Amino acid sequence: MKRVCLITLGMLAPAFLIAGIALLAAHTMENLVDAQIKQGSVLRNNSETFEYWENPPIPLLLQFYFFNLTNPLEVLQGEIPIVKEVGPYSYREWKWRRDVHILENGSKVSSFQPTSYYFERELSVGDPEVDRIRTVNLPAVVAMNMARRTPFTFPAELLLLAYQEDMFTIHTVDEILWGYTDNFLKAVHKFFPEVDPIFGYFKQMNGTDDGEYVMLSGENSYLDFTRVIEWNGKDKLDWWTTPSCNMINGTDGGTFHPLINKDDTIYIFATDFCRSIYLNFEKELTILGIPTYRFTLPLKIFANVSVNPDNAGFCVPAGHCMGSGILNVTACKQGAPIFLSLPHFFRAEDNYIKSVDGMHPNKENHDTFLDINPLTGALVQANKRMQINVYVETLPQFIQTGKIRRMYYPVMYMNESYMLDDTNAGKLRAVLLESNLVQAVPFIVLALGIICGAVVLGVTYWPRGKKEELGVFTYSWERNKSTVDERAPLIRT
């Protein structure tokens, strides 16, 4: 029986070793895990992936920070504005999909994505319905810019004086965000019905969507999982001056394809930026016990054309280019002189930062990043930050502008953040543990081969050596005993 066991182990040892080496060389288990991950990264009706995409269980946290102007009279005399940051005012941001349609045999999916906002008092510094902010009067600035080179310059000035519209205005946080009836716009509306009398930076956005998306389902390639190919019936934008800048690239920022590498570029089509943006790998992290890759915005994404010629298409009108760190989105904001940047002009040129007293840019609080699990493509943590600035300058036709400096006045910035909850983090950790166990099979097989070989060698050689040693010891002891007995006296007392 012992001999049979040794022969069996002797045959298993090389078999395990060969099998383990073969599995490692062919990456069999890795390919198996990758195939399972790819199979799950497809939008199919009634699948867990589809349900998660259609009704995301975790809300975003949208926080607003305002820049309250403290020296309005001095600014109109040409001095630098002094602002104080006030915030955050926090809102839970719930997104879901409606009017979902599977297209072209499951290769495409169309949908709308409404968003609702709910105020989080515990995460806010005050009451948005009570707290008041002094900021630039955007309706007046838009009116002055539109009328400055038209026959309506004088009537516009009379209306501004009649309704006591100044360069700066005071309103509650709630009004600035979600809208208020502006008396000046109300008067203009009588003559130009297309002018909305209600103004707010995010008016009519609560409970509404930003248009129809058509995405690839991932059926044909896992790399195309939820990649946007059409928005509002168009496969490209028309705000910019080059085809590359008008391209719709990437997902909507909520989902990403699996099997991400460090050299991948992550693209996101961001309608609030009026363009597609991209992020590059920065470093590895572990968040909630989950390994992640952090991707951040590269310096060149908002760089001047002298640094990044590819940004020439974002010069609007053509040839009118901004300095690094500023994006002119006037064309996609109904002509309002709105310019976007990172908060506190982070990564922008020094002249933008120094033009306003109160800017303190830093990476920790003002950068945009994504933390993605590279195997599954699951988003673990994210912060998308953006600042709204209004271009102002002295207009001799309008006394409201005084002697104000030419600048990009910061109104507010937003931090839209996401963190995977404990329940879904636990599910993801379980998936990763299972994949790790599967990928460990070749090493387990190799270990079994080594153990079997060691047992055979040990049983075959170890007992014989011990037996010989034991024999020598017994012989020596017996010999010593005989010698002692021989030397002992014949008569013992």
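This is a predicted model, so every value here is computed, not measured. Just so you know, these numbers use all the heavy atoms, side chains as well, and skip hydrogens, waters and symmetry mates.
At least one side-chain heavy atom of F345 sits less than 4.5 Å from a side-chain heavy atom of I326. Looking at heavy atoms from C-beta onward, Y391 lies out of side-chain contact with T330 at the 4.5 angstrom threshold. For the pair I176 and Y89, the minimum side-chain heavy-atom distance is 4.5 Å or more. Between N261 and P374 the shortest side-chain heavy-atom distance does not fall below 4.5 Å. Residues M407 and V392 form a side-chain contact, since some pair of their non-hydrogen atoms from C-beta on lies under 4.5 Å apart. Here the side chains of P361 and Y352 are not in contact, with every heavy-atom distance at 4.5 Å or above. Between L288 and M419 the shortest side-chain heavy-atom distance falls below 4.5 Å. Inter-residue side-chain proximity for L340 and I338 is flagged as met; some heavy-atom pair is nearer than 4.5 Å.
At distances below 3.5 Å, at least one donor-acceptor pair connects side-chain atoms of R347 with backbone N or O atoms of L297. Judged by distance alone, the side chain of T135 and the main-chain N or O of V411 form no donor-acceptor pair under 3.5 Å. Using a distance-only test at 3.5 Å, with no hydrogens or angles considered, a donor-acceptor pair links the side chain of N304 to the main chain of S306. Counting only distance, with no hydrogens or angles, the side chain of R134 and the backbone of L69 share a donor-acceptor pair below 3.5 Å.
Here F202 and Y91 keep their ring centres 6.0 angstrom or further from each other. In this structure, Y413 has its ring center under 6.0 Å from that of Y65.
Atom CZ of R227 sits about 7.0 Å away from atom CD1 of I229, to the nearest 0.5 Å.
A donor-acceptor contact closer than 3.5 angstrom is absent between the side chains of D421 and T423.
Using a 4.0 Å cut-off between charged side-chain N and carboxylate O, E175 and R132 make no salt bridge.
The aromatic rings of F295 and Y293 lie tilted to each other, with the angle between the two planes from 30° to 60°.
Judged by the 6.0 Å distance and 45° axis criteria, R92 is not positioned over the aromatic ring of Y118.
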Query raised in the report: Is there a salt bridge (Lys or Arg N to Asp or Glu O under 4.0 Å) between D252 and R97 once you walk through the steps?
Result: CA-CA 12 Å; D252 64 359; R97 308 278 178 177; 2.7 Å; yes

